[in-house]
Amino acid sequence: MALPVTVSAAHFDPWVIMESGQCFRMVPLAGGACEAVAFGEAVRLTRAAFDRLWRAYFDLDTDYAAMLAAAPAGDGFLARALTAAHGLRILRQDPWETLCGFILSQRKNLKAIRTGMEALCEACGAPVLGTARRAFPTPHRLAAMDEPALRALGLGYRAPYLLDAARRVADGRLNLDLLAALPDGLLQAALLTVSGVGVKVADCVMLFAYHRLSRAPVDVWIRRVIDCAYGGVSPYEGYGPYAGVYQQYQFMCIRDGQLPETR
DNA sequence: CACCAGGCAGTGC
DNA sequence: GCACTGCATGGT
């Protein structure tokens, strides 16, 4: 299985496009920012923010075409999923926010998770300039909350789990930055020390924050994929170093109600 | 009104 | 080690 070639920086650089002469309402702003107006709407980026955050966040420097081309052959449902969810990328999210998000996610659907995360940010997150929204709370801010206050946000039995995570990170027992250097086994073990974090949540943090692309988190939807399309036998051990990427396409597919038909 | 959701910890065997 | 159970609450 070939490594995905890192194609010349992303095939996406707004500043190159801005100077390409093909459009005239994409303009440089003071401080090196870029603003594009089209179809009556505007997007704004600073060079620093794009290079420092968004390029990495959306994993723009990875060639997904090459990675998907390396997918195992002869897998009907996988082939269908890769087509159905075209354009999907695995984000490189902030480990702390990702950890909280997936602690919060257990036995909730996507909309309910969003509601819970938004409530957390409203309760103790800092304002984001230029928007009506708030950033995700820092570990210290979250650690300063008490359990009843968190339960009042509708978080239920996950409230003490979040508090345990916040306290561990805030007092240094769990250093999420240092974890990035650990091999998969040690990284997983460290995440599992947090109350409310089991194998599935740890896999999600490893995949969506630490970019460990071989991790394939099994939730109820993926359980359904395994049962319906693979006769109850998990195929993910045979999917190679990008199992988590391929599986994520399948997750989208099955959750959107597309029945698995291996063929 | 039911039933489900990107699970986990605790318990019993 | 594996099977079972209770857990809180919003979305559908």
Side-chain angles (χ1 to χ4, degrees), chain A residues 77-78 81 84-85 88-123 136 142 145-169 173-174 185 187-230 232-236 239 242-260:
Chain A
F77 180 61
L78 176 57
L88 177 65
R89 286 169 177 268
I90 305 299
L91 299 177
R92 296 174 184 263
Q93 298 183 76
D94 171 62
W96 163 241
E97 180 172 339
T98 308
L99 176 63
C100 292
F102 283 96
I103 286 174
L104 186 61
S105 77
Q106 55 185 277
R107 303 297 292 173
K108 281 182 177 291
N109 58 33
L110 176 58
K111 181 159 277 184
I113 300 167
R114 283 179 178 152
T115 301
M117 289 290 276
E118 212 60 32
L120 263 180
C121 295
E122 281 299 311
F136 191 77
L142 194 54
M145 304 278 285
D146 62 354
E147 187 179 321
L150 289 181
R151 283 184 181 265
L153 299 178
L155 305 185
Y157 59 84
R158 307 160 192 86
Y161 297 161
L162 284 172
L163 272 183
D164 182 56
R167 287 170 183 158
R168 282 174 185 277
V169 174
R173 277 175 293 165
L174 186 66
L187 170 56
Q188 185 197 47
L191 293 171
L192 290 178
T193 62
V194 179
S195 178
V197 175
V199 170
K200 190 272 173 180
V201 168
D203 275 340
C204 287
V205 177
M206 291 176 72
L207 179 59
F208 301 133
Y210 291 99
H211 215 66
R212 305 298 169 98
L213 300 184
S214 71
R215 309 305 292 203
V218 178
D219 68 343
V220 294
W221 295 102
I222 293 301
R223 188 68 242 171
R224 220 159 276 165
V225 168
I226 295 171
D227 289 340
C228 297
Y230 300 97
V233 182
S234 168
Y236 300 113
Y239 272 17
Y242 313 120
V245 181
Y246 307 143
Q247 191 212 50
Q248 196 56 24
Y249 280 74
Q250 295 178 323
F251 174 84
M252 299 282 294
C253 199
I254 188 89
R255 205 207 47 200
D256 290 346
Q258 304 189 35
L259 298 174

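Residue numbers begin at 1 in each chain, while the letters A, B, ... track the order of the sequences. What's counted below: heavy atoms across the whole structure, side chains too, no hydrogens, waters or symmetry copies. Keep in mind that what you see is a predicted model, and the values were worked out from it rather than measured.
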Quiz item: So what does A:L110 touch, heavy atoms closer than 4.0 Å: a base, only the sugar-phosphate, or nothing?
Solution: sugar-phosphate
Taking A:D164 for the side chain and A:V194 for the main chain, is one N or O donor matched with an acceptor at less than 3.5 Å? no
Please check this pair: side chain of A:Y242 against backbone of A:S214, looking for a donor-acceptor N/O pair closer than 3.5 Å.
no
Rounded to whole Å, the OH-C1' distance (A:Y249 to B:dG6) equals 18 Å
Which whole number of Å gives the distance between the P atom of B:dT11 and that of C:dA8?
-> 15 Å
Atom CG of A:L150 and atom P of C:dG10 are separated, to the nearest Å, by 14 Å
Tightest non-hydrogen contact, residues A:P217 and A:I222, listed as O-CG1, 3.7 Å
Here the distance between atom P of B:dC8 and atom CG of A:D164, to the nearest Å, is 14 Å
Quick note, A:W221 side chain, CB onward, closest among C:dC7, C:dG11, B:dG6 is B:dG6
What residues 192-201 of chain A contributes to the DNA chain B interface at heavy-atom separation below 4.0 Å is A:V194, A:S195, A:G196, A:V197, A:G198, A:V199, A:K200, A:V201
Here the pair of heavy atoms bringing A:L155 nearest to A:L104 is CD2-CD1, 3.4 Å
Under 3.5 Å: donor-acceptor pair, side chain of A:R158, backbone of A:I103 | no
note: A:L104, atom CG; B:dC8, atom P; distance rounded to Å ~ 13 Å
So CG of A:D256 and CD1 of A:I254: to nearest 0.5 Å the spacing works out to 10.0 Å
Practice item. Give a yes or no on whether the backbone of A:K111 and the side-chain of A:T115 come within a donor-acceptor separation of less than 3.5 Å. Key: yes
In whole angstroms, the gap separating C1' of B:dG7 from CZ of A:F251 amounts to 14 Å
query = With no angle test and no hydrogens, is the base of B:dG7 tied to the side chain of A:Y161 by a donor-acceptor pair under 3.5 Å?
reply = no
Among B:dA5, B:dC8, C:dA8, the one nearest any side-chain atom of A:R158 is C:dA8
In whole angstroms, the gap separating P of B:dG7 from CZ of A:R223 amounts to 13 Å
Of C:dG11, B:dG6, B:dG7, the nucleotide closest to the side chain of A:K111 is C:dG11
_C:dG11 phosphate, OP1 or OP2, under 4.0 Å from A:T115 side-chain N/O_ = yes
ask   = Checking A:Q247 side chain against A:Y236 main chain: does a donor-acceptor pair fall under 3.5 Å?
value = no
Sorted by number, residues from residues 203-219 of chain A placing a heavy atom under 4.0 Å from DNA chain B are A:F208, A:P217, A:D219
**Message:** Could you check whether atom CZ of A:R114 has more than 12 heavy atoms from other residues, nucleotides or ligands sitting under 6.0 Å from it?
**Reply:** no
Distance check, P atoms only: C:dT5 and B:dG6, in whole angstrom units. 23 Å
Nearest-nucleotide check on DNA chain C, A:A112 vs A:Q106; residue mapping nearer the 5' end is A:Q106
Under the criteria of a ring-centre distance below 5.5 Å and an interplanar angle below 30°, is A:F102 stacked with the base of B:dG6?
no
> If you look at every strand shown and take non-hydrogen atoms under 4.0 Å, does A:R151 touch a base, only sugar-phosphate, or nothing?
Replying inline: sugar-phosphate
A:L162 atom CG is separated from C:dA8 atom P, nearest whole Å, by 14 Å
Would you say the base of C:dA8 and the side-chain of A:R107 have a donor-acceptor pair closer than 3.5 Å? no
Separation of B:dG6 atom C1' from A:L91 atom CG, nearest Å, is 15 Å
_Lys/Arg-Asp/Glu bridge criterion (N-O < 4.0 Å) met for A:D219, A:R223_ = no
